[in-house]
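Reviewing the structure listed below.
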Protein chains: 2
Amino acid sequence: MSGAQPIHAELIAVIVAVSDGAPRVLTLSDGTALPAGPLESGHRSLQAGLRNWVERQTGHTLGHIEQLYTFADPDRSRAGRSISISYLGLTRETRTKLGGQVSWQDWYRYFPWEDRRAPAILVESTIKPGLTRWVDDAADRQSRAARCFALDGAPWNEDLALSRYELLYEAGLVREAARDGRPVHGDFAPGIAMTADHRRILATAISRLRATIKYRPVVFELLPDQFTLLDLQRCIEALAGHTLHKGNFRRLIEGQTLLEETGTLATGPGRPAKLYRFSAAIRAERA
Amino acid sequence: MSGAQPIHAELIAVIVAVSDGAPRVLTLSDGTALPAGPLESGHRSLQAGLRNWVERQTGHTLGHIEQLYTFADPDRSRAGRSISISYLGLTRETRTKLGGQVSWQDWYRYFPWEDRRAPAILVESTIKPGLTRWVDDAADRQSRAARCFALDGAPWNEDLALSRYELLYEAGLVREAARDGRPVHGDFAPGIAMTADHRRILATAISRLRATIKYRPVVFELLPDQFTLLDLQRCIEALAGHTLHKGNFRRLIEGQTLLEETGTLATGPGRPAKLYRFSAAIRAERA
DNA sequence: ATAAATATACTCAATTCGAGTATAAGGATC
DNA sequence: GATCCTTATACTCGAATTGAGTATATTTAT
């Protein structure tokens, strides 16, 4: 066994905003890569290094960020091994310094099957046939496929975004599987591929975010200072990928101390809605 | 700004078992350190490296492990920077190759305030006074302290184990804070210190595990092949740090497809209980 | 035989949840 | 100005879940 090994650390960022009812992710290279760069000796911490790279590459300044996952590539190249550390950041979309190959992309372009706000026909029509062929190859695959994609009457669980991507990868139904030399079982599922494992990291972010919004008020970072209850609902629906019952959503929110009224009203079509902001206690907790 | 930096990766393991109604963690150095070692070029992956170190240092072979958190030390020493990647593993306690300084330790020795299965007097008597002094120094500390330690009638949330440790560290109420040169605000809270930030990593593991058992059947790895419903309940209570209502617990478990009866009965004082095992579907999912 | 300990089975009210209906208040159209 | 469309806000109601309690059964120990 050889001794301790000098390695190289790569920082990768999933920066999410919600606008026009779509969750968007900040990308490079025309939507095929996430902001990323190596940890440098000038970086005071992993977080600081990540902020620095995102700012250098996209001009975007980050607020609160959260660690996602760390993985190492297999030690194949003698050039030295690399470790990737990924982070999730929530923000509001800005137009600053975009252009070039920097852009905000609707995350459902990469994972069309994850959006079930409209009736979901995609799984039945496109994914199920490929999975069925793959399932036939081994016994224990059946229940996994059913659980991930709600195949045999099982309920859809939005938190399983990562498991679904991993399953499609294993089943050879996404382009990255073919690129990595794995066997293919049919037509690829719709959805755009990304470089390296960036699409897998994005799936990790979606899973994490969907699990988090259920018990922590993180949407706070995604909304403007003032917003209506429907704005808040649409924002959560965009992330979760399914619609909510309006009355029940209001009851849930109003039963908490999350929001306070601003006293002003929003304009637009229909009856004007009260504007809210997040309560002082919630805002303090993030800082 | 200097370029990419060669670094050194350290793998740290929190290995948990439950025996005699206590959650135990596998330690080195008479309970003051967790198993750990550098990633080496012979290691095929981070997981493989971790398994290798735990086996070398403690003789223990691991089952399923899960990543906890990655952090970098500030880049102070010119000797090179180090990144620590921590993992959580669940297992059953074995006596193999213990001795030396390897031992299983009740995790509540490090976090006495986390055990609320018996009436919790510790917070009121010991922690609250120190926190009160610390809170007086700044305004926003009040609500944080109250939320973490259920001070002003707020409910106790067992998932906040990490937040509680971090708060005590900030407030200078654990020994590690004094060791690191931070200001102290009163007597230290009870609980044993560990080397470096190992106690913080252990707190991370507790938080993660407590959050996970609520929606995933992970206890599976902690119990023997056959067990009674009370065994299962006691195991979960040990991890969660509070007791459960027996009837409601039974109802919850029996309403799922988690377990199947073995047909045999346990012996002991009192009426013999049915023995159960985890259902085949659950076991398959872990493999 | 009796006590102590544990297992198992119900009961019951409070709360939460999912889904629906009804009414209010604005702008746009004719 | 009447009508329609759109959105906001407020209730209602039954089903399901939850928290807490009581009652009975079956064993070992004394």
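Note that the structure is a prediction, hence the values are computed from the model and not measured.
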Whole angstroms only, please: what is the [atom1]-[atom2] distance between [X] and [N]?
{"X": "A/L265", "N": "C/dG27", "atom1": "CG", "atom2": "C1'", "answer": "15 Å"}
{"X": "B/Q233", "N": "C/dT8", "atom1": "CD", "atom2": "P", "answer": "12 Å"}
{"X": "A/E254", "N": "C/dC17", "atom1": "CD", "atom2": "P", "answer": "15 Å"}
{"X": "B/L259", "N": "C/dT8", "atom1": "CG", "atom2": "C1'", "answer": "16 Å"}
{"X": "B/N248", "N": "D/dG21", "atom1": "CG", "atom2": "P", "answer": "10 Å"}
{"X": "B/L230", "N": "C/dT8", "atom1": "CG", "atom2": "P", "answer": "10 Å"}
{"X": "A/F249", "N": "C/dC17", "atom1": "CZ", "atom2": "P", "answer": "14 Å"}
{"X": "B/I253", "N": "D/dT18", "atom1": "CD1", "atom2": "C1'", "answer": "15 Å"}

Exercise. The side chain of A/H245 lies closest to which of these nucleotides: C/dA19, D/dA10, C/dA25?
Worked result: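 Output: C/dA19.
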Exercise. Taking the side chain of B/K246 as its heavy atoms from C-beta onward, which of C/dG26, C/dT8, C/dT11 lies nearest to it?
Worked result: C/dT8
For this session: Could you check whether A/L229 gets within reach of a base, just the sugar-phosphate, or nothing at all, counting any heavy atom under 4.0 Å?
Result: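 No contact at all - A/L229 keeps every heavy atom at 4.0 Å or more from the nucleic acid.
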For this session: Using a heavy-atom cut-off of under 4.0 Å over every strand shown, decide if A/K274 touches base, sugar-phosphate, or nothing.
Result: sugar-phosphate
Exercise. With distance as the sole criterion, is a donor-acceptor pair present between the side chains of B/T243 and B/E237 under 3.5 Å?
Worked result: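 Note: B/T243 and B/E237 side chains miss the donor-acceptor criterion.
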Exercise. Does a donor on one side chain and an acceptor on the other come within less than 3.5 Å for B/Q105 and B/S103?
Worked result: yes
For this session: Select from B/R251 and A/A273 the residue whose nearest nucleotide in DNA chain D is closer to the 5' end of that strand.
Result: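 Looking at the nearest nucleotide for each, A/A273 comes out on the 5' side.
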Problem set entry | Aromatic ring proximity, centroids under 6.0 angstrom, B/Y87 and B/Y69 | no
For this session: Only one of B/H60, B/H64, B/E221 passes side-chain hydrogen bond (donor to acceptor under 3.5 Å, both in side chains) with B/T91; say which it is.
Result: B/H60
For this session: Find which nucleotide of DNA chain C each of B/P269 and B/G247 is nearest to by heavy atoms, and output the residue with the more 5' nucleotide.
Result: B/P269
Exercise. Would you say A/R250 reaches D/dT9's phosphate, i.e. side-chain N/O to OP1/OP2 under 4.0 Å?
Worked result: yes
Exercise. B/R24 side chain to B/A17 main-chain N or O, any donor-acceptor pair under 3.5 Å?
Worked result: no
